[in-house]
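Let me begin by presenting the structure, written as C-alpha cells, before commenting on it.
Keep in mind that the numbers below use all heavy atoms, side chains included, and drop hydrogens, waters and symmetry copies. The structure presented is a predicted model; accordingly, all values stated were derived computationally and were not measured. Here is how names work: the chains are called A, B, and so on, in the same order as the sequence lines, proteins then strands, and each is numbered from 1.
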Amino acid sequence: MQQRGLRRGLLSILGGLILWEVLTRLLLEDELLIPPPTSVARSLWKLSFAGELNRHLYATLFEFACGFSTACAVGIFLGYLMGRYRWFDELMDPWIATLYSIPVIAFVPLIIIWFGIGLFSKIVVVFKITAVAIMLNTAAGIKNIDPVWLELSRSMRLSPWETTAKIRLPAALPYIITGMRLGVGRALLGVIVAELMAANEGLGYLLREASETWDSPKLFVTVVLLAAMGMGSFGLIKKGEQRLAPWRESAEW
Amino acid sequence: MKGMLRLASIAGGLVLWHVLAVWVIDDSVLLVSPLVVVAKGYEMLFVTADLYPHLFASWWIFFYGMILAALVGIPVGFLMALSPLVRDYIAPWMTALYTTPRIAFAPVLLLWFGIDIGSKIAIVFLGCVFPILINSFYGMRVVSREFVEVGRSFRLSGGRLFLKILLPASVPFILAGLRLAVGRGLTGVAIAEWFGATEGLGYLIFFAGQTLNMPILFVGVAVFGVLGVLGFQFLQIIEDLATPWKKELEAK
C-alpha cells in the first residue's frame, strides 16, 4: 500500500518532468515563460559552481536559523508563563491575537524601517512570526495538561522546578512542535519577502535579481531551491512531531 | 474581572505606545502615536475617503482568488479522497507547491499572467487553494469512512450517496478550510499588490513604507488586521449556521 503510493508518486514526478521538458521544447520558442527542466538544471549547476548560490543560500539559512532559535526560546518561555498564570495570559492575549491576525507581509516594511536593511531586520521578521505561533501553542499545551499528571507529581513530592521540567514541559512538547510547524512556513515566507524588499544577499534577493533581469532559468532555480528548503524544514518538523507525539494521526500535509 | 485585565492591557499598551512615540522616540519617521494613526484612519475613511479605492481593488482580487480556489480546491480534494490513484499522482506535486514559500511563485506568475489583475488573482488563488483542498480531502476521507456503510445499508446509489450523505457531512471541514484560507488569502493580496500595482492595500503599505509615511503605514496594517478578524468571524458564523448539529453535540 505505502510502497505503491511511493511508486506512483515517483512516477508522477518523473512523468511530469518529462512532459514539461517535451512540451516546452516543442511549443515554446524561447525560455522566457517556462524554461525546460534541463536548462534549469544547467543554470543550477552553473550558479553553484560559481559559488554565487552558496552565498545566498547561506545568508538565508543563517537569518532563518538565528530568528527561529531565538523565537523558540522566547516563545516557549512566554508561552509557559501564559499557560501557567491567568493574569499574564490576559495581559498578553489581546496583543498576541492582534499580531497573529495581521498578515506577516504587512509588518515587513515596518520592520525594515526600524531595523535596517541588513541581517538584523530579517532575523526580526523570522522571530516575530515564529515566536507568536510557538507562544500560542505552548500556552495551549500547558493549559491542557492532564490534571492526573499534576496529582502524580504532587504525590511524588516533586519540587515546582521538577514539575515544570519533568511534567509540564514534556506534556506540552507536542503542542510546541505544532507551533514550530505552523511558524516554519510563515517564517520562510517572511524572510524571503524581507530579502526581496531590501537586501543584497539571500534567496529573496536572488529571486528579485533573476526576475528583474528576465533570467527565467535562474528564476526557476531559485523557486526550486525555495521549494527544497520548504519541504526540507517541513519534513524535519513532521519527523519530530511523529517522534514526540506518535499517538496523533500524522498529518500528510 | 476577566474582561477588566484585558481592557487594562490594551489601554496600558496604547498609553505606553503613545508615551514611546511622543516622548522617547519623538521621530515621526520611526513611530507615531496611536492617536495620529486613528486620526489618519478617520481622515482616510470619512474625510478624504481615499482608502476606498484601495479597499475595493484588494477586495476584488481577494474575492476572485478565493472563489477560484474554492471551485478548484473542493472538487480536487474530494477526488483525492475518493480515489487513491488520483491522490498518489497529485500528492507529490501538491506537497512541493504547498510547502514552497508562495512568494517564490509571484515573479513567475507575473511573467505568465502580466501585471494586471490576472497575476494577482493567481497569487491569491495559490495561497487559498491548499487549505481548502486539504480540508476537503480530510473531511471527505473521514466522512466516507464513517458513513458509507450507512448509505449502503439503505441501498443508496453512488450519486445519491454523494449528494445526500458525503457532501453535507463534509461541509464543516470545507468551511474550516475556507476559514484558514482567509488569512493566507490576505497575505496573498499583500504579496500580489506589491508587484507592479498602482492601488490596493498592499500597495498602500509598501508605498507608505518607501516614503516613510508612518501614519498611512499603520493605517494599512490595521486595516489588514481588521479584515482578517472580520473574515474569520464571518466564516465562523456561517459555519455555525450551516452545521447546527455541531452546537448540539457540544451542548451535550
task = Examine distances only and state if a side-chain atom of B:W93 and a backbone atom of A:G16 form a donor-acceptor pair shorter than 3.5 Å.
result = no

note = Note: A:M231 and B:T95 closest approach over all heavy atoms is CG-O, 4.2 Å

ask   = From B:M214 CE over to A:I113 CD1, what is the distance, rounded to the nearest 0.5 angstrom?
value = 3.5 Å

task = For B:I115, look at atom CD1 and say whether over 12 heavy atoms of other residues, nucleotides or ligands are found less than 6.0 Å away.
result = no

inquiry  = Under a 4.5 Å cutoff for heavy-atom pairs, which residue among B:A96, B:G12, B:G183 has the most contacts with chain A?
reply    = B:A96

ask   = Would you say B:F206 and A:V108 make side-chain contact, with heavy atoms under 4.5 Å?
value = no

key: Check: A:R186 and B:T187 side chains under 4.5 Å, non-hydrogen atoms   = no

ask   = Relative to chain A, which segment of B:L201 carries a heavy atom at a distance below 4.5 Å: side chain, backbone, both, or neither?
value = neither

note = To the nearest 0.5 Å, atom CZ of A:R8 lies from atom CZ of B:R87 at 8.5 Å

note = Turns out that what part of B:F218 lies under 4.5 Å from chain A's heavy atoms comes down to side chain

Atom CZ of B:F207 with >12 non-hydrogen neighbours under 6.0 angstrom = no

query = Side chain, backbone, both or neither: which part of A:W87 has an atom under 4.5 Å from a heavy atom of chain B?
reply = both

task = Against chain B, label A:L196 side chain, backbone, both or neither, depending on which of its atoms sit under 4.5 Å from a heavy atom there.
result = both

Which of B:L110, B:L97, B:V221 touches chain A most, by non-hydrogen pairs under 4.5 Å = B:V221

request  = Below 4.5 Å from any heavy atom of chain B, which atoms of A:Y100 appear? Answer side chain, backbone, both or neither.
outcome  = neither

inquiry  = Heavy-atom cut-off 4.5 Å, strictly under: side chain, backbone, both or neither for A:S216 against chain B?
reply    = side chain

key: Residue part contacting chain B, namely of A:L219, when any heavy atom lies under 4.5 Å   = side chain

query = Between B:I10 and A:W95, what is the shortest heavy-atom contact and its length?
reply = O-CZ2, 3.5 Å

task = Pick whichever of A:A198, A:S211, A:P94, A:G15 has the most heavy-atom pairs under 4.5 Å with chain B.
result = A:P94

key: Between B:F130, B:F105, B:Y89, B:F224, the one whose heavy-atom pairs under 4.5 Å with chain A are most numerous   = B:Y89

query = Does any heavy atom of chain B fall under 4.5 Å from the side chain of A:M229, the backbone, both, or neither of them?
reply = neither

ask   = Between atom CG of B:L217 and atom CZ of A:F107, what is the distance when rounded to the nearest 0.5 Å?
value = 10.0 Å

ask   = In this structure, which one of A:I105, A:L189, A:L188 forms a side-chain contact (heavy atoms from CB on, under 4.5 Å) with B:I103?
value = A:L189

query = Just wondering, do A:S12 and B:D88 contact through their side chains at under 4.5 Å, heavy atoms?
reply = no

Least distance between heavy atoms, B:P101 atom then A:I192 atom = CG-CG1, 4.4 Å

message = Tell me the closest heavy-atom pair linking B:T100 and A:L226, and the distance in Å.
response = CG2-C, 4.0 Å

ask   = Where do B:W194 and A:V193 come nearest, in terms of heavy atoms and distance?
value = CH2-O, 4.0 Å

key: Within 6.0 Å of CZ in A:F115, more than 12 heavy atoms from elsewhere   = yes

query = Is the closest side-chain heavy-atom distance between B:L186 and A:I102 below 4.5 Å?
reply = no

query = Tell me, side chain or backbone of B:L109 under 4.5 Å from chain A's heavy atoms, or both, or neither?
reply = neither

query = What class does the angle between the rings of A:F234 and B:Y98 fall in, given that below 30° is parallel, 30 to 60° is tilted and above 60° is perpendicular?
reply = perpendicular

message = Please identify, among B:G228, B:G13, B:G202, the residue contributing the most non-hydrogen atom pairs under 4.5 Å to chain A.
response = B:G13

